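Only one structure is covered here, and it is reproduced in the block below.
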Amino acid sequence: MEYYCIMVKTGSEEAFKADFEKILQEYDPGAKLMFFKKKMRTSKKIEYEQVLFPGYMFMAVQHLDPGMIKQAHNNRNFYHFLPSDRDIHQLEGKDLEYLSNIRKFGEVQGFSKAYFDKDMRIVVTDGPLMGFSGNIIKVNRKRQRVTVKLDLCNSTLKFDLAYDEIQGVKEDL
């Protein structure tokens, strides 16, 4: 499969997916559109879902057909392929690694399990943050959130993910 990143109107990810995925099936029956959500928690511990990368869609196809590109441009919620419509190329290297890591946990990213070692560094033991520990730029222990920074498709993205703290762990695993 080839994977591509598409920019769409923020907030229209569901609508774009519903409309465009039907059209994609005509070109490639195995084609799939993905966008990811994250589970979060309010200060009162109420869980909710939120789009992980607002405006970003990921497309998996056997081969990118010019007809697919034309059909995407006909969708009112479509902006462009990344890095640009003049330079469409499939995800590779770190971009593909990030996407593969995120896909392992499904389209809704749940809570990671983490603890703090004796030097007060966060240690992620399970969940979506597992592959991103080197990209954690901020930890909010009170709200149990970490801010992750990624360079994806020539763009820098910052996003928060929630974690559950494992109590009682005193040493590194």
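This structure is a prediction, so every number in the text was calculated from the model and none was measured.
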### Residues Lys17 and Glu107 bridged, charged N to O under 4.0 Å
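Answer for the salt bridge query: yes.
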### Query
Salt bridge check: are Asp65 and Lys70 linked by an N-O gap of less than 4.0 Å?
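Salt bridge between Asp65 and Lys70, a charged N being under 4.0 Å from a carboxylate O: no.
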For [Y], does its backbone N or O pair with a side-chain atom of [X] as donor and acceptor, under 3.5 Å?
X: Asn77; Y: Ser12; value: no
X: Asp164; Y: Lys113; value: no
X: Ser84; Y: Asp87; value: yes
X: Gln109; Y: Ile102; value: yes
X: Thr147; Y: Asp160; value: no

Hydrophobic cluster membership, [X] vs [Y], 4.5 Å side-chain cutoff:
X: Val8; Y: Leu33; result: yes
X: Leu152; Y: Leu129; result: yes
X: Val124; Y: Tyr98; result: yes
X: Leu91; Y: Leu157; result: yes

List the atom pairs, donor and acceptor, that lie under 3.5 Å between side-chain atoms in residues 42-57 and the rest of the protein, sequence neighbours left out.
{"from": "Thr42", "atom 1": "OG1", "to": "Lys44", "atom 2": "N", "distance (Å)": "3.2"}
{"from": "Thr42", "atom 1": "OG1", "to": "Ile46", "atom 2": "N", "distance (Å)": "3.1"}
{"from": "Tyr48", "atom 1": "OH", "to": "Arg145", "atom 2": "NH2", "distance (Å)": "3.3"}

### Residue of the set Lys32, Met68, Gln90 for which side chain to side chain contact (heavy atoms under 4.5 Å, CB included) holds with Val61
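It is Met68; the other options fail the test.
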### Query
What's the verdict on side chain to side chain contact (heavy atoms under 4.5 Å, CB included) for Glu92 and Tyr3, showing C-alpha distance, side-chain angles and the deciding distance?
CA-CA 8 Å; Glu92 54 188 25; Tyr3 295 91; over 6 Å; no
### Partners meeting side-chain contact (heavy atoms from CB on, under 4.5 Å) with Phe78 (sequence neighbours left out)
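Phe78: side-chain contact (heavy atoms from CB on, under 4.5 Å) contacts with Ile6, Phe16, Ala72, His73, Asn75, Phe81, Asp85.
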### Message
Assess the residue pair Phe36 and Glu13 against the criterion (side chain to side chain contact (heavy atoms under 4.5 Å, CB included)); give the C-alpha distance rounded to whole Å, side-chain angles, the decisive distance to 0.1 Å, and a yes or no.
### Response
CA-CA 9 Å; Phe36 300 95; Glu13 296 87 359; over 6 Å; no
### Task
Verify the neighbour count for atom CZ of Arg141: are there more than 12 heavy atoms of other residues, nucleotides or ligands below 6.0 Å?
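Atom CZ in Arg141 is packed in, count exceeds 12.
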### Query
Which atom pair, heavy atoms only, marks the closest approach of Cys5 to Cys153?
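Heavy atoms only, the tightest pair is CB-SG, 3.4 Å.
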